[in-house]
Amino acid sequence: MRTLAALVVASITLLACSQGQESCEMNPDVAKVTAPVQLERLEKPFFQIKSPADAGQFVRHHGLFARHFLQSGQYPPPVLATTLARLATNKGLQKLGAQADSTFTTPALEKQLKPMFQYIRYNFPDFRVPPVKTFVSGLSQDVFVNDSLMVLSTDFFVGPEAAYRPNVPGYILRRYTPEHLVPTVALAISSKYNQKQLTNQTMLGEMVQFGKALYFAEKVLPCTADSLLMGYSDKEMAGVYFNEGKIWAHFIEKKLLYTTAPFTIQKYIGERPNIPEIDKTCPGRVGAWVGWQIVRKYMKEHPNVTLKQLMAEKNTQRILNESRYRPKVNRGRVS
């Protein structure tokens, strides 16, 4: 019986890791989409800064980056220049920068980013690929994305071997590895298209909103495991899939779907190591994961709905109703 139980757990784990990866071969129509990656590595000129005067020249030379990422307009130029010079000459940051540089080579980054941009442009032809800058921010901001610029702070994503790591709890820290960089970017880009109701936001509204973002990332990164998109461990993924029916029953029985109380919503959507209200083994942000399953079921029921149409849909009640989402309750538990 133990062998059988182990096989059941193994099969659930494999399912959890393979959801959304039906095919990793690029659609020929997507392959035809042009999406040139303009990648510039700013680490080298940054670490060449030796004085505030050098830093001022760096800011002037990289004006777009300075305005959007460094927010140069909010600080007196001498203050910004002094701060940048202090960072660039910091031995610890230089070591971390060297690790980031060897972890993320230019060819590898371009190879990861280009297919994602192609999928986005295939689904959203108006999408213009922004220039991409890599930078070592001193662990101040991980990713920045808008219509005119994308900045990737590679120092955040070096992983466990990094000389310094982001000062965040362990359950968040595990999302800062090389494999999580591009999924983080995809989720950030999704906000450009993810329409939502702006007033009287309910638990259901937030769940579906996050679910749409995750579905967007899934479709533009079709070869990426659910665990990387969601930021869960393999064990946590196996657990939520096995207990999907129980998790959904909790939302129904506790009448949580239509609450507008921000504190209650954050319990199930926000960052937490677990959600003991459901079970001590239930990972945080599980409401977002359930929203993802609702959106997946909705799209399965509506194969003619495009990704663009989904992201523009604000009526989360319609998505729930027409998804026919009714997960079954499994007996026992994954251990």
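We count residues from 1, following the sequence as given.
Between Gly231 and Arg174, the shortest heavy-atom distance links the atoms O-NE, 3.5 Å. Of all heavy-atom pairs between Pro115 and Met26, the closest is CB-CE, 3.7 Å. When all heavy atoms are compared, the tightest approach of Ile275 to Gly284 is CG1-CA, 3.9 Å. The shortest non-hydrogen separation linking Val158 to Ala100 is CG2-CA, 3.7 Å. Closest of all the heavy-atom pairs between Thr264 and Met203 is O-CE, 3.6 Å. In terms of heavy atoms, Leu152 sits closest to Val185 at CD2-CG2, 3.5 Å.
A donor-acceptor distance shorter than 3.5 angstrom exists from the side chain of Asn330 to the backbone of Phe242, with no hydrogens or angles considered. Checking side-chain atoms of Asn123 against main-chain N and O of Tyr119 turns up a donor-acceptor pair under 3.5 Å. With hydrogens and angles ignored, the 3.5 Å screen pairs no side-chain donor or acceptor of Arg285 with any backbone N or O of Tyr232. Of the possible donor and acceptor atoms, one in the side chain of Ser191 sits under 3.5 Å from a partner among the backbone N and O of Ala188. No donor-acceptor distance shorter than 3.5 angstrom exists from the side chain of Asn194 to the backbone of Ser190, with no hydrogens or angles considered. Counting only distance, with no hydrogens or angles, the side chain of Gln118 and the backbone of Thr34 share no donor-acceptor pair below 3.5 Å. The backbone N or O of Gln141 lies less than 3.5 Å from a partner atom in the side chain of Ser153, making a donor-acceptor pair.
In this structure, the ring pair (Phe, Tyr, Trp, His ring centres under 6.0 Å) partners of His62, at least two apart in sequence or on a different chain, are Phe58. Scanning for side chain to side chain contact (heavy atoms under 4.5 Å, CB included) contacts around Ala163 gives Lys95, Gln99, with sequence neighbours left out. Applying the side chain to side chain donor-acceptor pair (under 3.5 Å) test to Ser148 and every residue at least two apart in sequence or in another chain returns Asn146.
Aromatic ring orientation, Phe216 versus Phe124: tilted (interplanar angle from 30° to 60°). Relative ring orientation between Trp248 and Tyr325 is described as perpendicular, the plane-to-plane angle rising above 60° on a 0-90° scale split at 30° and 60°.
Taken from CG in Leu187 to CZ in Phe210, the straight-line distance is 10.0 Å, to the nearest 0.5 Å. Between Ile294 atom CD1 and Ile319 atom CD1 the span is 9.0 Å, to the nearest 0.5 Å. Taking CD from Glu244 and NZ from Lys328, the interatomic distance works out to 12.0 Å, rounded to the nearest 0.5 Å.
Side-chain atoms of Phe156 and Ser137, non-hydrogen and from C-beta on, do get closer than 4.5 Å to each other. By the 4.5 Å heavy-atom criterion applied to side chains, Leu39 and Thr134 are counted as neighbours. Side-chain contact check for Met207 versus Ile269: some heavy-atom pair is nearer than 4.5 Å. Looking at Leu310 and Lys212, their side chains come closer than 4.5 Å, going by heavy atoms from C-beta outward.
When the options Lys254, Glu206, His250 are evaluated for a side-chain hydrogen bond (donor to acceptor under 3.5 Å, both in side chains) with Tyr268, the one that passes is His250.
Figure legend: Arg296 and Trp292 shown as a cation-pi pair, the cationic atom lying under 6.0 angstrom from the six-membered ring centre and within 45 degrees of its axis.
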